[in-house]
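Working notes, structure below.
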Amino acid sequence: MGNQGNAKHGSKSTLACALAAALALYALPAIHEQARAASNDNNVEWSGLFHDQGPLYDNHVEPTSAQAVTLTLRTFKGDISSANIKYYDSADGAFHWVAMSWTANDPTGNFDYWKGTVPASASKKYYRFQINDGSATAWLNAAGITSAEPSSGDFFILPGFTTPAWMKNGVMYQIFPDRFYNGDTANDVGNGQYTYAGCATEKHAWGSSVVASVSGCNTAVFFGGDLAGIDQKLGYIKNTVGANILYLNPVFLSPSNHKYDTEDYMTVDPAFGSNSTLQTLSADIHSTSNGPKGYLVLDGVFNHTGDTHKWFDRYNWWTSITGAYESQSSPTYGYYTFQSWPNTYSAFFGFSSVPKLDYGASGSVVRNAIYGSTSSVVKTYLKAPYSIDGWRLDAAQYLDAGGGNGSDTANHQIMAELRSAVKSVNANADILGEFWGNAGPWTSSGDQWDGAMNYDGFTQPVSEWITGQDYGGNAASIPVSQFDSWLHGTRANYPTNVQQAMSNFLSSHDITRFGNRAGGDIWKTYLALFFQMTYVGTPTIYYGDEYGMQGGADPDNRRTFDWSTGSITNSAVALTQKLTTIRNAYPALRTGSFMTLLTDDADKLYAYGRFDATNRIAVALNNDSVSHTIAVPVWQLSVTNGSHLTELISGTQYTVQNGQVSVTVNGHYGAILAQ
């Protein structure tokens, strides 16, 4: 176990304290016996402090406006003289204080629990704790522990804001449709079937190169994967992998293989099937005849259309309408922003093939077409007969009016309106935004997204810790203490129910494959799977990651699925199934508290707890190439001496002695100890 230093931080300077907190939040005392040394001695023992918004520490994570919120703070037994909740109420723009009172000891006798209640109201609130031991004061909020009062990073109370329970409790599987499985050869795109932007379509054999024969025409390469193929493999997805949520990259009419250049939102691309194929797939996903009930999330590409869309019609493909590129008198001319008609217009990242939609003011024709009206794109697919369960919003921060680049007042207004539209059809539908940084501006007010693609708080740090590369494949390595600090900091960006609905993926269609970054070392995929299935958020498996699929940058990250490898006989797939089964069996791994237990930079070891009222689970991870015996301090989870924990992969039972369990973990592997 890494020695995190003396637990007494009261005399350190503010800067040093902040640094220590960032690197060793909830740090452990060097030896267990220090836990019993706490007293009223004008020092707050930082390593005894804990609060998050798990069910044991917050009685209403998603309160209504009529529900008061009772918060629990943990301290070392007998350590503090008083504690207060200080919260900011948006209703009056002022801070308020709630005195906390001692309520109980934990089962080990090491800890005290203090409680206080924030009164019910409809307004948004943000809180931190002030903790006193005589003349010493410490502050705790979502960002960490400090000696000086923090000015940011508080916990959230957002009455009336809920995120879908099925997303928080599910496992998601992402599919790039052309590359997963060919279920209907009759709809395959043939060689030279059509030409777009100077590129003739190419039909490649399954398993062959994704690179086009003609330079620069990679988006014209087709393999034949389709919706019928996905439908035929639902048993693999649901039962073998253990995923119950499908997220599909775009399926609507488009000349490219990736379909991010939409030609018609109301028509499924014939290479993937038909609108009735999508209806059948949705019904089969929701059915329990092929495994657990599932959920379907579609990719909504609403920032831009393709230049072949009938609203734009750059190549005169449509005869039923005159597009904006064809005439300034077009009824859809105002759907786009021209600087100099017809050839200079606002486009996604300047690519002329994907002109940006102009959302105009609230109530505009574009807003109504995309989400506002009953016949809008967003509402049509949420309703029967499609009945999808959510939208993943592509390039979501860029939606704007007047050719603007998004991330502004108009963008947030559009997102709030889109949320209202989605929830008006299905209150339990999910809105998953694509954003590669801190998505707090779209999630922290409770009126826009339910969650985001977690590049910043999962994909990047996991890649750097395990593979020594960032998600782009560039050299970037971090020690476990920095990994833990990164995770903590990014969790603090979001309300707890948003954290639980973030999409946690190792790879995506936009970045290099994790297996590639891992240098083909399947053990690194094993380790990543252990973390992915036990961390806060929705595990999201990009098709093939369950067996360590290789692939560099786009388009190599979109290889065809290898069905000779994708089966339970593959060790990584078997581990994925075991881990998804464990996650599905323990709510603590989905909506329980998260507590760091140990970081050891020298031996590359990491341990953390996930717990609720029913189970206390310790996860131990070994990022070294050799095995290590890890002394896991389960006393921090209030697990008592003499009690038993079961390692859920092997079934081995362990007995707690002196507050800890010693477990030997193979290199690039993990252990999950449950009580």
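Distance alone, capped at 3.5 Å, places no donor-acceptor pair between the Thr219 side chain and the Ser256 backbone. Here the side chain of Asp603 pairs no donor or acceptor atom with the backbone of Leu605 at under 3.5 angstrom. Asn615 places no side-chain N or O within donor-acceptor distance of the main-chain N or O of Ile617, the cut-off being under 3.5 Å. Between the side chain of Thr467 and the main chain of Glu464, no donor-acceptor pair closer than 3.5 Å is present. Between the side chain of Tyr526 and the main chain of Thr576, no donor-acceptor pair closer than 3.5 Å is present. Counting only distance, with no hydrogens or angles, the side chain of Glu434 and the backbone of Ala395 share a donor-acceptor pair below 3.5 Å. Asp484 places no side-chain N or O within 3.5 Å of a backbone atom of Val480 that could act as its donor or acceptor partner. Judged by distance alone, with hydrogens and angles left aside, the side-chain atoms of Asn239 form a donor-acceptor pair with the main-chain N or O of Asn290 at under 3.5 Å. Between the side chain of Gln174 and the main chain of Thr540, no donor-acceptor pair closer than 3.5 Å is present. Looking only at distances, a side-chain donor or acceptor of Asn218 sits under 3.5 Å from a matching main-chain atom of Ala212.
Here the CG atom belonging to Asn244 is positioned 9.5 Å from the CE atom belonging to Met167, to the nearest 0.5 angstrom. The structure places CD1 of Ile672 at 9.5 Å from NZ of Lys578, a figure rounded to the nearest 0.5 Å.
Taking the centre of each ring, Tyr608 and Tyr535 stay at or above the 6.0 Å mark. Here the two rings, on Tyr542 and Tyr247, have centers that are 6.0 Å apart or farther. For Trp486 and Phe483, the distance between ring centers is not under 6.0 angstrom. Taking the six-membered ring where the residue is Trp, the centroids of Tyr181 and Tyr543 are separated by 6.0 Å or more. Between Phe514 and Phe505, the ring center distance fails the sub-6.0 Å criterion. Tyr236 and Trp563 have their aromatic ring centers within a separation under 6.0 angstrom.
A heavy-atom distance below 4.5 Å is not found between the side chains of Thr640 and Val656. Proximity of Thr538 to Val171: side-chain heavy atoms (C-beta onward) are nowhere separated by under 4.5 Å.
The residues Lys604 and Asp601 are annotated as not salt-bridged, no charged nitrogen and carboxylate oxygen being separated by less than 4.0 angstrom. Salt bridge present: Arg392 and Asp394 bring a charged side-chain N and a carboxylate O closer than 4.0 Å. Salt-bridge check for Arg179 with Asp226: failed, with every basic side-chain N at 4.0 Å or more from each acidic carboxylate O.
Each of Tyr669, Phe594, Phe458 was checked for a ring pair (Phe, Tyr, Trp, His ring centres under 6.0 Å) with Phe531, and the lone residue meeting it is Phe458.
A donor and an acceptor atom, one from each side chain of Tyr654 and Thr646, are nowhere located under 3.5 Å apart. When only modelled atom types and interatomic distance are considered, Asn182 and Asp188 share a side-chain donor-acceptor pair under 3.5 Å. When only modelled atom types and interatomic distance are considered, Ser564 and Asp562 share a side-chain donor-acceptor pair under 3.5 Å. No side-chain donor from either of Thr277 and Thr280 sits under 3.5 Å from a side-chain acceptor of the other. No donor-acceptor contact under 3.5 angstrom links the side chains of Arg513 and Asn557, judged on distance only. Side-chain contact, Glu647 with Ser650: a donor N or O sits under 3.5 Å from an acceptor N or O. The closest side-chain donor-acceptor pair between Thr512 and Arg517 falls under 3.5 angstrom. With no hydrogens or angles considered, no side-chain donor-acceptor pair links Asn257 and Asp178 at under 3.5 Å. Inspection of the Thr614 and Tyr586 side chains reveals no N or O donor paired with an N or O acceptor under 3.5 Å. Of the N and O atoms on the side chains of Thr490 and Asp456, not one donor lies less than 3.5 Å from an acceptor on the other residue.
Classification of the Trp391-Phe252 ring pair by plane angle, with boundaries at 30° and 60°, yields tilted. Taking the six-membered ring where the residue is Trp, Tyr295 and Trp166 present parallel rings, their angle staying beneath 30° rather than reaching 60°. Ring geometry, Trp436 versus Tyr471: the interplanar angle exceeds 60°, so the pair is classed perpendicular (tilted spans 30 to 60°).
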- After noting the C-alpha distance and the side-chain angles of Lys293 and Asp389, does the key distance pass the salt bridge (Lys or Arg N to Asp or Glu O under 4.0 Å) rule? CA-CA 12 Å; Lys293 177 188 176 180; Asp389 301 283; 5.9 Å; no

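Tyr173 does not carry Lys238 over the face of its six-membered ring by the limits of under 6.0 Å from the centre and within 45° of the normal.
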